[in-house]
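Written out below as structure tokens is the structure these notes cover.
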Amino acid sequence: MKIVMKFGGTSVADAERVRRCAKLIKDRAAEDRVVAIVSAMDGMTEELLALADAAETANHPAMNARLKEIRRRHEEAAKQLSQPDAVAPLLGQLDQLVLGISMVGEVTPRSRDAVVSFGERLSAPLFRRALELEGLKARAFTGQEVGLVTDEKFGEAEPLMELSLYQIADALKGPLEAGEVPVVTGFIAATQHGVTTTIGRGGSDYTATIVGAALKADEVWIWSDVDGLMTADPRIVPGARLLERIRFIEAIEMGLFGAKSMHPRALEPAADRKIPVRMKNTFNAGGAGTLIIDDGTRPNEIIRSVLLVKDAGLINITGAVMMGRPGTAARILGLLGAQGINVRMIILSVSEGGISLAVNGPQLAQARATLEANLLRSGEARQIQVVEKVAIVAVIGSYMRGHPGTAGRVFAAMGAKGINIMAIAQGSSELSISFIVKGDDGPEAVRALHEEFLGK
Ligand code: ASP
Ligand code: MG
């Protein structure tokens, strides 16, 4: 088999953990060809972002403290992997880059990506070294070196897919044939002119599925510190269970509701090519994990998972002027989009001349201000009403499609608990039903639905 294995930040947080990952690869390397995709050490991306901010304001004490900490963690790991100078040149480059930024006193999206890229750049040689200590032949590559190219939207760059797939297959062919384990930095790439970019937070998952697609891999394994996807958050539902198999569309839908902070597009390259994705826990390697696959197996349960988005805000926009006027929804979403506000749910009622929107709690005030400034003054809307501290509850399952009675069961369960529902949305794909309740009712709503569909 050809397997692409991605290791998340907590899995590579120090030398001991990196060695554990290397052993996991060694277990498979005799029979399978493995490519490793590595994240930055846990917390390192945040550290580097803060470093870039400190450089922008030429805050030298803060800069030096951060650089010291970054240096300490990587040098310590390098020492423990008995290759003390493994990261020395990279650390030197980072020092210079940050000094340069502090002298100009400006950090652009482009230079921020350059700084942030050091998290993954520094992980790769350490990981390579750990594989070597296991007796494997390994070689480290940056995203750019394997040919992952993107557009120039720094911070959130979009891979140029066809070209990248072609180049990656070409770059990794030789090493794989030579029996080496390629170690590729996740998350970072480059423009076609060779300028470093990053593909969005959590992007290493995305790198892994892109590399999997390029190599026509048999499977992509996402190693992290969780066992996989669950029927609910076990902190809310003590009886929540691991989902051992789930369809791609269901996993993607769960990701949209924040089930696990995976890059939103990470599953696409694998789903398009039907490459199964396994989620596994490096701290519980023997566990079954979750297998994301479309093989037509029908689960026993119609609802696979119950999710909760805590801390959301609800906005109700009403006013007869808007009624029946084409383009109103586009106008509202356009205003919010321009402010970078993520709309989690939108409900357009037929009769009342109203539109309701749910946004993340921290963005509620900004959303309200934007809508008031634009819609009230121009008379496009009469009233904008805001409800703070609401929760979005969602049930997810692809087989509810065309299966009457699911919504009835959902809302009957809420009625039985005396939970009031403030707004409801269900897309026509019938993959999920989501609705809004008072924030305090959220956990109880999730427990009631889990019991109804998935057992205690
Ligand atoms: N290091 C990057 C981040 O923390 C990418 C990743 O871990 O997937 O967002
Ligand atoms: Mg990370």
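We count ligands from 1, going down the list as the structure has it; atoms in each ligand are counted the same way. Any value given below was found using the heavy atoms of this structure, including those in side chains, with hydrogens, waters and symmetry copies removed.
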For the residue pair Thr198 and Arg112, confirm or rule out a side-chain donor-acceptor distance under 3.5 Å.
no

Gly200 N/O under 3.5 Å from ligand 1 N/O
no

Just jot down the side-chain hydrogen bond (donor to acceptor under 3.5 Å, both in side chains) partners of Gln167, sequence neighbours excluded, or say none.
none

With Asp295, the side chain to side chain donor-acceptor pair (under 3.5 Å) member among Arg245, Lys274, Arg247
Arg245

Would you mind listing which atoms of ligand 1 come within a distance below 4.0 Å of any non-hydrogen atom of Phe187?
2 (C), 5 (C)

Proximity flag Gly203 to ligand 1, non-hydrogen atoms under 4.0 Å:
yes

Within reach of ligand 1, part of Ser39 (heavy-atom separation under 4.0 Å):
side chain

Pairs meeting criterion ring-ring contact (aromatic ring centres under 6.0 Å, His included) with involvement of residues 89-144, two or more places apart
Phe7-Phe127

Would you say Arg201 and ligand 1 have an N/O pair spaced under 3.5 Å apart?
yes

Hey, is Glu120 touching ligand 1 through its side chain, its backbone, both or neither, going by heavy atoms under 4.0 Å?
side chain

Evaluate side-chain contact (heavy atoms from CB on, under 4.5 Å) for Arg447 paired with Ile236, printing each intermediate quantity in order.
CA-CA 7 Å; Arg447 281 190 286 273; Ile236 299 172; 3.9 Å; yes

Close N or O approach (Ser204, ligand 1; < 3.5 Å)
yes

Taking a cutoff of less than 4.0 Å between a non-hydrogen atom of the residue and any ligand atom, is Gly8 in contact with ligand 1?
no

Do other residues, nucleotides or ligands put more than 12 heavy atoms under 6.0 Å from Lys310 NZ?
no

